[in-house]
Amino acid sequence: MPSPMALKKERSPAANTSPARPKLLLDWYDRHRRRLPWRAAPGETADPYRVWLSEIMLQQTTVKAVGPYFEKFVARWPDVTALGRASLDDVLRMWAGLGYYSRARNLYACAVAVARDHGGEFPDTEEGLRALPGIGPYTAAAIAAIAFDRRTMPVDGNIERVVSRLFAVEEELPQAKPLIRQLAATLLADSRAGDSAQALMDLGASICTPKKPACSLCPLNEDCAARAQATQETFPRKAPKKSGTLRRGAAFVVMRGDELLVRTRPEKGLLGGMTEVPGSDWLAGQDDKVAKEQAPELKGLSRWQRRLGVVTHVFTHFPLELVVYTARAEARTRAPEGMRWVAIATLADEALPNVMRKVIAHALDR
DNA sequence: GAGCCGTGGCC
DNA sequence: TGGCCAAGGCT
């Protein structure tokens, strides 16, 4: 008796790999491609540096959010060698607000490696790219296809959705990844691999959307297995994910005239290397009293005042609730070991993650 | 392999 | 409003 898994696989019409699809896709792309700052004009060669930079920024991040950051980066660092000569701190400051800060560290490490080990030229193979920091299987394939015309199909969340619908893949993610990768490769045209990939991404972004896909406008709607069953929105199949447990903590905002007391977080882990105001640990089930006890000790400090309300923030794997305390320090008060004073006016130049912007805004509010 | 790692926008 | 989602990688 066959296992349930085998039954599911048999039911996926993987054999339906119409050879007409790659051309349908490219024809659609030629008519409807999005114009994006990092994209080469039709027929022009893509700049590997811009492709790489955009791919790193676009990891788990929307096109809209990336736009201004991409422009800032290329204006300041026009090529990978220039970026490699920058300082990590400058890169983190420019990245502040985009999230997933280990990407910024790997971006910088990658630029240094390309400048030092590859003469300022990106490797032109998936394998070579894959060896660089911050470049995983998806990004390596994307750069290889888009910048170097290698015949490979990168598979991101967008393409997973399109493909799982097109073939009505019943297997759940992430187990279905190998099957989806295999099916996605059948959509590759004989040439213009990069355009095949970007066509699928554009299709996923504008037509084959997570909610209410516009199937009537889709160039592949004729033989989409999910549409034939009217089950488009149920793909891709995936197990529901559990939300994290609420953590609580306290943040301490100390003013010395027009200056604010800050410190730098440890290199690794959550918000690694970013700037923060001093605070307690962030723990599940911690009460305000315990958190308050972790306030920094300074001489000449006025009484702590608790701000009304809390600052809430939701990270990928847990929600956070911070109570905010404020105090004033006398002029010339020394910053404790590992901390420093920064002028409020120059706060915008700090590598401040958004949760800290919220805390400071809450503390300074009126 | 599964958990960790930000943020903003959407309905 | 809260859960989901976005051109994933690292450990």
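Every heavy atom of this structure was used, including side-chain atoms; hydrogens, water molecules and symmetry mates were not.
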When the distance from [atom1] of [X] to [atom2] of [N] is rounded to whole Å, what number comes out?
X: A:K268; N: B:dC5; atom1: NZ; atom2: P; value: 12 Å
X: A:E233; N: C:dC4; atom1: CD; atom2: C1'; value: 13 Å
X: A:E172; N: B:dA2; atom1: CD; atom2: P; value: 11 Å
X: A:Y138; N: C:dA6; atom1: OH; atom2: C1'; value: 11 Å
X: A:L129; N: C:dG8; atom1: CG; atom2: P; value: 17 Å
X: A:R105; N: C:dG9; atom1: CZ; atom2: C1'; value: 15 Å
X: A:I135; N: C:dG8; atom1: CD1; atom2: C1'; value: 12 Å
X: A:M57; N: B:dC5; atom1: CE; atom2: C1'; value: 17 Å

Q.
On DNA chain C, compare the nucleotides closest to A:G204 and A:P133; which residue's is nearer the 5' end?
A. A:G204

Q. Quick one: on DNA chain C, does A:G134 or A:L36 contact a more 5' nucleotide (nearest heavy atom)?
A.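 Between the two, 5'-proximity favours A:L36.
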
Q.
Do the side chains of A:R263 and A:E276 get close enough for a salt bridge, i.e. N-O under 4.0 angstrom?
A. yes

By ring pair (Phe, Tyr, Trp, His ring centres under 6.0 Å) - contacts of [X] (at least two apart):
X: A:H313; result: A:F315
X: A:F148; result: none
X: A:H317; result: none

**Q.** Nucleic acid footprint by protein, nucleotides 6-11 of chain B - heavy-atom cut-off 4.0 Å, B for base, S for sugar-phosphate alone
**A.** BBS---

Quick one: label [X] by what it contacts on the DNA or RNA (base, sugar-phosphate, nothing), any heavy atom closer than 4.0 Å.
X: A:R39; value: base
X: A:R34; value: base
X: A:P174; value: nothing
X: A:W95; value: nothing

Q: Say whether, by atom type as modelled, one donor and one acceptor occur between the side chain of A:R161 and the main chain of A:G204 under 3.5 angstrom.
A: yes

Q: For the pair A:H32 (side chain) and A:A199 (backbone), establish whether a donor and an acceptor sit closer than 3.5 Å, ignoring hydrogens and angles.
A: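 Between the backbone of A:A199 and the side chain of A:H32 there is no qualifying donor-acceptor contact (under 3.5 Å).
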
Q: Would you indicate, yes or no, if B:dC5 has its OP1 or OP2 atom less than 4.0 angstrom from a side-chain nitrogen or oxygen of A:H317?
A: yes

Q.
Would you measure the distance from the P atom in C:dG9 across to the matching atom in B:dG8 and give it in whole Å?
A.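 Their P atoms lie roughly 23 Å apart.
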
Q | Distance between P atoms of B:dG3 and C:dC4 (Å, rounded) | A | 15 Å

Q) Which nucleotide in the set B:dC5, C:dA6, C:dC10 lies at the smallest distance from any side-chain heavy atom of A:R161? A)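 Closest nucleotide among those given: C:dA6.
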
Q | Interface residues of residues 139-153 of chain A with DNA chain B (non-hydrogen, below 4.0 angstrom) | A | none

Q) Is the NZ or CZ atom of A:R237 positioned over A:F235's six-membered ring, under 6.0 angstrom from the centre and within 45° of the axis? A) yes

Q: Just grab all the salt bridge (Lys or Arg N to Asp or Glu O under 4.0 Å) pairs involving residues 317-330 of chain A, residues at least two apart or on different chains.
A: A:R248-A:E321

Q | Distance-only polar pair, side chains of A:R39 and A:Q198, donor-acceptor under 3.5 Å | A |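 Judged by distance alone, the side chains do pair up.
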
(Q) Evaluate A:Y138 against A:Q59 for side chain to side chain donor-acceptor pair (under 3.5 Å), listing each step before the verdict. (A) CA-CA 10 Å; A:Y138 161 76; A:Q59 288 167 5; over 6 Å; no

